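Notes for the one structure printed next.
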Number of protein chains: 2
Amino acid sequence: MKKVKKETQLDKTPKYTVKEVAQIMKISAHTVRYYDNEGLIPFVSRTQSNVRMFSEYDLSWIRTVHCLRATNLSINDIKKYIDLCLKGNKTIQQRAKIIFNQEKNLKEHLKQLQEQMKVLQIKKKYYTNLLKNKSKDVWNPYK
Amino acid sequence: MKKVKKETQLDKTPKYTVKEVAQIMKISAHTVRYYDNEGLIPFVSRTQSNVRMFSEYDLSWIRTVHCLRATNLSINDIKKYIDLCLKGNKTIQQRAKIIFNQEKNLKEHLKQLQEQMKVLQIKKKYYTNLLKNKSKDVWNPYK
DNA sequence: TCTTGACATTAGAGCGGCTCGAAGGTGTAA
DNA sequence: TTACACCTTCGAGCCGCTCTAATGTCAAGA
């Protein structure tokens with residue numbers, strides 16, 4: 001028996017205000033509006049009095065934007081990715097390339113941060129010793 | 001027999017131009033000058049014709065700045081740290097606090113990046129499958 | 001000696017990604 | 001009906017570079 005993965009259907013009914021989205025995503029309401037203005041969140045609906053209302057579907061776009069931003073993809077490149085998504089199947093290769101590349105970048109970035117962590121921990125050890133021994137510090141490369 | 005750690009003496013003789021420092025530290029020459037102008041590299045000497053010349057001692061300051069910057073401490077806070085260093089022993093506690101705090105921040109940041117890495121890898125898997133099966137993509141939260 | 005070229009200097013503009021504030025609109029609750 | 005809590009847009013401000021323009025220095029080659 002073949003298993004068929006059920007397509008995840010995302011609710012498109014408007015539910016959340018900008019402030020609520022901000023709380024859910026842990027970013028500022030200003031930033032949410034900024035992303036919307038930059039076209040990174042397609043199809044955001046508005047009430048009759050022009051207030052943005054976000055659905056679960058919108059949230060899933062924001063999650064994508066947030067992930068790409070957190071891993072340091074520029075707003076411009078995120079915009080390109082989103083636009084490719086909207087163009088459908090014929091852009092799968094291009095989108096895949098962006099994601100693969102982004103994973104590579106993040107890997108490199110993580111490696112560098114981990115190196116800096118080592119440096120920081122040497123400094124930490126230096127100060128811990130200094131405090132413990134109540135000794136004077138001298139110039140050394142670990143300061 | 002008591003072991004006494006020998007104090008590391010850093011050479012203060014001018015050796016490197018801004019460009020050479022940039023190459024060594026893998027940052028732009030512009031940035032090196034910017035750090036100098038902001039007072040993050042104390043005591044940088046100049047030739048008679050006003051050209052910056054950096055010693056090993058200067059390099060060690062730059063390494064500190066670079067580490068703190070790479071772990072996202074603001075220029076302003078780095079300046080404060082450097083100034084505390086220059087004030088000597090009475091500031092050990094304050095400096096230690098900055099370093100300990102910075103290590104905590106970096107730890108948190110690393111944690112978040114690793115979470116985003118997971119998200120990226122889900123996306124990667126999604127596209128890898130799509131490409132392998134030459135199937136069509138549907139809207140799903142992993143896009 | 002003069003020119004060329006590779007470097008350096010400064011001041012200041014530009015940019016990305018927010019971040020904030022002002023000025024105004026809307027909708028509910030006292 | 002007034003207060004308030006939210007929303008809107010627009011534009012300025014900020015940080016940390018990043019780049020450009022205008023100018024200076026200096027060594028090598030014609």
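Being a predicted model, the structure only gives us computed values, none of them experimental. Hydrogens, waters and symmetry mates are skipped; everything else that's a heavy atom, side chains included, is used. Residue numbers begin at 1 in each chain, while the letters A, B, ... track the order of the sequences.
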Could you give the side-chain donor-acceptor pairs of residues 17-26 of chain A under 3.5 Å, partners two or more places apart or in another chain?
unit_1, atom_1, unit_2, atom_2, d
A/Thr17, OG1, A/Lys19, N, 3.4
A/Thr17, OG1, A/Glu20, N, 3.3
A/Glu20, OE1, A/Thr17, N, 2.8

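- Residue pairs meeting the salt bridge (Lys or Arg N to Asp or Glu O under 4.0 Å) criterion with at least one member in residues 113-128 of chain A, sequence neighbours excluded, are A/Lys124-B/Glu103.
- The salt bridge (Lys or Arg N to Asp or Glu O under 4.0 Å) pairs that include a residue from residues 56-72 of chain B are B/Lys15-B/Glu56, where partners are two or more places apart or lie in different chains.
- Side-chain N/O atoms of A/Tyr35 include none lying less than 4.0 angstrom from OP1 or OP2 on C/dG17.
- Nucleotides of DNA chain D with any atom under 4.0 Å from a heavy atom of chain B span, from 5' to 3', D/dG16 to D/dC26.
- A donor atom on one side chain and an acceptor atom on the other are not found under 3.5 Å apart for A/Asn76 and A/Ser74.
- Sorted by first and then second residue, the side-chain hydrogen bond (donor to acceptor under 3.5 Å, both in side chains) pairs with a member in residues 34-43 of chain B read B/Asp36-B/Arg52, B/Asn37-B/Arg52; sequence neighbours excluded.
- Residues of residues 58-77 of chain B that place a heavy atom closer than 4.0 Å to DNA chain D, in numerical order, are B/Arg69, B/Ser74, B/Ile75.
- Following rounding to the nearest Å, B/Gln23 (CD) and C/dA6 (P) show an atom-to-atom distance of 15 Å.
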Using a cut-off of under 3.5 Å, enumerate the N/O to N/O pairs linking the protein to nucleotides 7-11 of chain C.
unit_1, atom_1, unit_2, atom_2, d
C/dC7, OP1, B/Lys19, NZ, 3.2
C/dA8, OP1, B/Thr17, OG1, 3.3
C/dA8, OP1, B/Lys19, N, 3.2
C/dT9, OP1, B/Arg52, N, 3.2
C/dT9, OP1, B/Arg52, NH1, 2.8
C/dT9, OP2, B/Arg33, NE, 2.4
C/dT9, OP2, B/Arg33, NH2, 3.1
C/dT9, O3', B/Arg46, NH1, 3.4
C/dT10, OP1, B/Arg46, NH1, 3.4
C/dT10, OP1, B/Arg46, NH2, 3.2
C/dT10, OP2, B/Arg52, NH1, 3.2
C/dT10, OP2, B/Arg52, NH2, 3.0

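- Checked against side chain to side chain donor-acceptor pair (under 3.5 Å), B/Asn101 has no partners two or more places apart in sequence or in another chain.
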Can you give the donor-acceptor pairs under 3.5 Å from side chains of residues 82-89 of chain B to other protein atoms, not counting sequence neighbours?
unit_1, atom_1, unit_2, atom_2, d
B/Asp83, OD1, B/Lys79, NZ, 3.4
B/Asn89, OD1, A/Asp137, N, 2.9

May I have the list of side-chain donor-acceptor pairs in residues 104-113 of chain B shorter than 3.5 Å, sequence neighbours left out?
unit_1, atom_1, unit_2, atom_2, d
B/Glu108, OE2, B/Gln112, NE2, 2.9

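- Not a single side chain to side chain donor-acceptor pair (under 3.5 Å) links A/Thr128 to another residue, sequence neighbours left out.
- When the side-chain contact (heavy atoms from CB on, under 4.5 Å) test is applied to B/Asn50, the partners found at least two apart in sequence or on another chain are B/Arg46.
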